[in-house]
Amino acid sequence: MELVKSICPFCGVGCGVELYVDSSTIIRLSPAKEHVVSRGHLCGKGTLAYEPIFAWDRLIYPLKKVKEEHLRISWEMAIKEIASELKKIIQQYGSDTIAFYGGCQNTLEEDYLMQKLARALGTNNIDSCARVCHDPSATALKEMVGIGASSVSVEMIPKMKVVVITGESITESHPVLSQYLTEAKKNGTKLIVIDPRITGTARFSDLHLRLRPGTDITLFNAVGNYLIKNSLFDEKFIKEKVIGFEDYAKGVSKYTLEYAEKVTQIKRESIQRFAELIAQKGVIFSWGLGLTQSSGINGVRAYINLALLTGNVGTNGGLLVFRGQTNVQGAGDLLKPDRFPSGPMNEENAEKLLKIWNFLPSTKRGLSVTEALLRDNNIRAIIFMGFNPLISMPNREKVERKLKSLDLLVVIDAFMTETANLAHYVLPAAIWAEKEGSVTNLDRLVKWRFKAIDPPGEAKPDYEILKKLAEELGYNFNSDPKEIFEEMKKVIPLYSNLTLDEVMDYSANSRYPNHEIYLYDEKFYTDTNKAKLIFVEQPEVKSGIILITVRNVTRYNTDVITGRIPGYGKYESPMYISPEDALELKIRDDEEVLVTSECGKMNFRVKISNDIQKGIAIMYMHDPKVNYIICDELDEITKTPKYKYTEIKIIKLNC
């Protein structure tokens, strides 16, 4: 058997795997022991990641919708017709009416080609699924410390005195990282978990802060105020490396522990203990979607403030973002409607790109995917690449209406997803083990996927599909992933110091920008070379029952992949509520109820759980019904949906 190395297609840990190939078939999969992050570990999903490759319903040839039915069409005709429709729409309505979205499951090289093609056509309507999860993290990190990515590696977790985890359950979302927490606990590391519910991670924490959803900013501001009032902040670090302290100190001064206790519903003594634990050196501040999809960018800003205030950045600790998909960090680096991959979207950068691309990109800000699907606009054509927004976006009815209104909808995917079912053209894509290219994990590690087998039928790697479409539109693009990687390095400063040799070596520390395990030891990558404290106010807190969407360890996003793993396909998706709410609403365990919100209603079965506190309901994000009642409230700055902050009513059906 041939042994081929690759990267697991699921979460942002980006575990190394070894594929055993015999007669063009993957027989089994095992963990790659030398991988610098996963270190010979895999979760249950990872061990079966090759199974969906051989699913019976793989797309194997291009399809065109004719009278509501998808019929087979040749690649030549599909590409010609799509290019013709794009030209017609651009000529009649302008380049601003077309958009390209997707890429968190794709390689860096495919993402790079997609945004290059979009910009060649004159549009910056370019985005990825990073928009709906961690763009608040990337944007806050960029403005406050310089790079929109984790400043520290997971490898440092066991060396820390304290690890804070906010809005994330490692045991559900990133199980392989549990090895680092277990090692850390053996070394005496204190674990602080900030989460409304009792999770698997919270169960072995030293301090669990069960805050009211949407009150993160009050908690962090009160801790900042306590640190300043009691001289527990790093005055030397602040003076030498941080700006904005005076405004921050003035702003948080009104956030007392008494006030925070009232707003967050956390006991004052616990908030004080949190503050005193993080006042020492050797602290990692980590977070997940529980923060970004509720309090948005301001929640992340308030949290980063604590790391800066205590001097826990650089050798002393750092900021760690738990990314949810294999290449969501890379997609976020490359695919933005308001930034070029090379930097700010201005004339100077456009001129630099002209020399490499042989065309001058527009500097007009584009639309994010959430703006395109959830707000009024003039978008008439969208190409989705490895993206299923009909299921993953909030307010499903509004998304469906927008998709059905398009003059041209093209979906590039390996399966007939719910979004693909609405498309005018569906182009069959290769799956991760059927192509090669690089991906960036949650702590800036860039690794190469090697091709193990050929795709089935007429399916092609996305980079070949994009090249064919570009050629038909009059552009000569390279489709060799290695050559695209080298071109990408010329364009993107963050990736410029990496080499293919080290990216292909799973034991090498191939992290951008300069192979650092941790960033900002000497300076910050901002215009002033200093970090920036940004005071933010707590907005009004919603009342009533708050619905939070969460992950399940056996499922993945919209279940397109895990739903095709034998034994994984039949899932229960109840709504979990507290015993107190069940008693008040006179609801029994397993009873069906009507759940309503401002944007929709749907029936769900209820499970009563002691892990849930009063005033909170929990549902799995993977359930295709949940986004009928998650409304399209967006973070004001990053336009990220607030999936974890929807006010609902639960109505008993059988009175």
Side-chain angles (χ1 to χ4, degrees), residues 9-10 45 49 51-65 68-73 78 82 99-106 110 114 127-133 324-328 331 369-370 372-373 381-404 406 408-432 434 455-462 465 555-565 568-571 573 620-628 630:
F10 292 118
K45 288 197 297 282
E51 292 276 7
I53 296 172
F54 305 105
W56 68 270
D57 60 344
R58 282 287 303 274
L59 293 174
I60 57 174
Y61 43 75
L63 299 169
K64 176 184 178 180
K65 181 171 277 190
E68 299 307 309
E69 185 179 358
H70 283 102
L71 303 178
R72 183 173 184 173
I73 186 175
I82 293 169
F100 291 74
Y101 298 130
C104 294
Q105 278 292 301
N106 294 89
E110 289 167 334
M114 188 179 82
D127 206 3
S128 74
C129 50
R131 178 69 48 191
V132 301
C133 53
Q325 295 199 57
T326 311
N327 196 34
V328 69
V369 65
T370 46
L373 297 181
I382 299 179
I383 295 179
F384 288 116
M385 183 172 72
F387 199 174
N388 189 19
L390 181 58
I391 300 298
S392 61
M393 286 285 175
N395 202 337
R396 271 194 66 178
E397 289 186 356
K398 183 184 282 190
V399 173
E400 186 169 356
R401 286 196 300 270
K402 179 63 180 182
L403 294 177
K404 286 181 176 179
L406 296 171
L408 176 65
L409 175 58
V410 179
V411 171
I412 305 171
D413 211 305
F415 298 100
M416 182 59 79
T417 64
E418 292 82 353
T419 306
N421 196 49
L422 298 179
H424 299 104
Y425 295 89
V426 183
L427 304 180
I431 282 184
W432 59 281
E434 299 164 349
E458 298 176 15
K460 298 180 183 298
D462 298 71
I465 297 171
R555 304 176 70 173
Y556 183 70
N557 293 354
T558 63
D559 286 337
V560 171
I561 302 177
T562 48
R564 289 169 170 83
I565 295 176
Y568 273 51
K570 295 181 179 179
Y571 301 110
S573 293
Y620 293 126
M621 60 176 281
H622 323 284
D623 190 324
K625 296 192 301 182
V626 71
N627 281 325
Y628 280 116
I630 298 294

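Keep in mind the model is a prediction, meaning the values are calculated, not measured. We're numbering straight along the sequence, starting at 1.
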- Quick one: does His424's side chain have a donor or acceptor within less than 3.5 Å of a partner on Leu409's backbone? yes

In short, Glu434 meets Pro456 closest at the heavy-atom pair OE2-CD, 3.5 Å

CD1 of Ile412 to CD of Glu110, rounded to nearest 0.5 Å, is 9.0 Å

By side chain to side chain contact (heavy atoms under 4.5 Å, CB included), Met621 pairs with (sequence neighbours left out) Thr549, Arg551, Asn557

Worksheet item: Are side-chain heavy atoms of Thr558 and Thr417 found at a separation under 4.5 Å?
Response: no

The reported gap from CZ in Arg564 to CZ in Phe415 (rounded to nearest 0.5 angstrom) is 5.0 Å

Would Ile53 and Arg58 count as a side chain to side chain contact (heavy atoms under 4.5 Å, CB included) here? Give the steps. CA-CA 8 Å; Ile53 296 172; Arg58 282 287 303 274; 4.0 Å; yes

| Heavy-atom distance under 4.5 Å between the side chains of Val369 and Met393, does that happen here? | yes

Quiz item: Heavy-atom distance under 4.5 Å between the side chains of Asp57 and Met416, does that happen here?
Solution: no

When rounded to the nearest 0.5 Å, the distance separating CD of Glu400 from CG of Asn395 is 11.0 Å

Nearest heavy-atom approach of Pro624 to Arg396 is O-NH1, 2.7 Å

Value for CZ (Arg131) from OG1 (Thr370), rounded to nearest 0.5 Å, stands at 6.0 Å

ask   = Do Thr419 and Leu403 touch side chain to side chain, with heavy atoms closer than 4.5 Å?
value = yes

By side-chain hydrogen bond (donor to acceptor under 3.5 Å, both in side chains), Asn627 pairs with (sequence neighbours left out) none

Residues at least two apart in sequence or cross-chain that pass salt bridge (Lys or Arg N to Asp or Glu O under 4.0 Å) with Lys64, listed by chain then number, are Glu81

Shortest non-hydrogen pair, Ala331 vs Gly103, comes out as CB-O, 3.8 Å

For Asp623, the salt bridge (Lys or Arg N to Asp or Glu O under 4.0 Å) test, sequence neighbours excluded, returns none

Side chain to side chain contact (heavy atoms under 4.5 Å, CB included) assessment of Lys625 paired with Ser573:
CA-CA 9 Å; Lys625 296 192 301 182; Ser573 293; over 6 Å; no

The reported gap from CZ in Phe100 to CG in Asp127 (rounded to nearest 0.5 angstrom) is 13.5 Å

In short, Asp413 meets Gly386 closest at the heavy-atom pair OD2-CA, 4.0 Å

By side-chain hydrogen bond (donor to acceptor under 3.5 Å, both in side chains), Glu397 pairs with (sequence neighbours left out) none

For Lys398, the side-chain hydrogen bond (donor to acceptor under 3.5 Å, both in side chains) test, sequence neighbours excluded, returns Asp632

**Study point:** Heavy-atom check, side chain of Leu427 versus side chain of Ile82, under 4.5 Å
**Key:** yes

The side chain to side chain contact (heavy atoms under 4.5 Å, CB included) partners of Ala49 (sequence neighbours excluded) come to Pro9, Phe10, Leu29, Trp432

Applying disulfide (SG to SG under 2.5 Å) to Cys133 and not counting sequence neighbours gives none

Between Ala430 and Pro455 the two heavy atoms that sit nearest each other are CB-CB, 3.9 Å

### Message
With heavy-atom distances below 4.5 Å as the criterion, would you say the side chains of Ser392 and Val132 are in contact?
### Response
no

For this session: Run the numbers on Leu390 and Leu422 for side chain to side chain contact (heavy atoms under 4.5 Å, CB included), then give the verdict.
Result: CA-CA 9 Å; Leu390 181 58; Leu422 298 179; 3.8 Å; yes

For Asp462, the side-chain hydrogen bond (donor to acceptor under 3.5 Å, both in side chains) test, sequence neighbours excluded, returns Asn106, Lys435

Residues Asn421 and His70: closest non-hydrogen pair is O-CE1, 3.2 Å

Notebook entry, point to check: Does the Arg555 side chain pair with the main chain of Thr562, one donor and one acceptor, at a distance under 3.5 Å?
Noted result: no

Residue set satisfying side chain to side chain contact (heavy atoms under 4.5 Å, CB included) with Phe54, at least two apart, ordered chain then number -> Thr25, Ile26, Tyr50, Ile453

Residues passing the salt bridge (Lys or Arg N to Asp or Glu O under 4.0 Å) test with Glu51, sequence neighbours excluded, are none

Taken in chain and number order and not counting sequence neighbours, the residues that satisfy side chain to side chain contact (heavy atoms under 4.5 Å, CB included) with Thr326 are Ile7, Gln105, Val439, Arg449

Interatomic distance, CD1@Ile561 vs CD1@Ile431, rounded to 0.5 Å, equals 6.5 Å

Check your understanding: Is Met114 close to Ile383 at the side-chain level, that is, under 4.5 Å between some pair of heavy atoms?
Key -> no

**Asked** Should Pro62 and Ile73 count as side-chain neighbours, where that means a heavy-atom distance under 4.5 Å?
**Response** yes

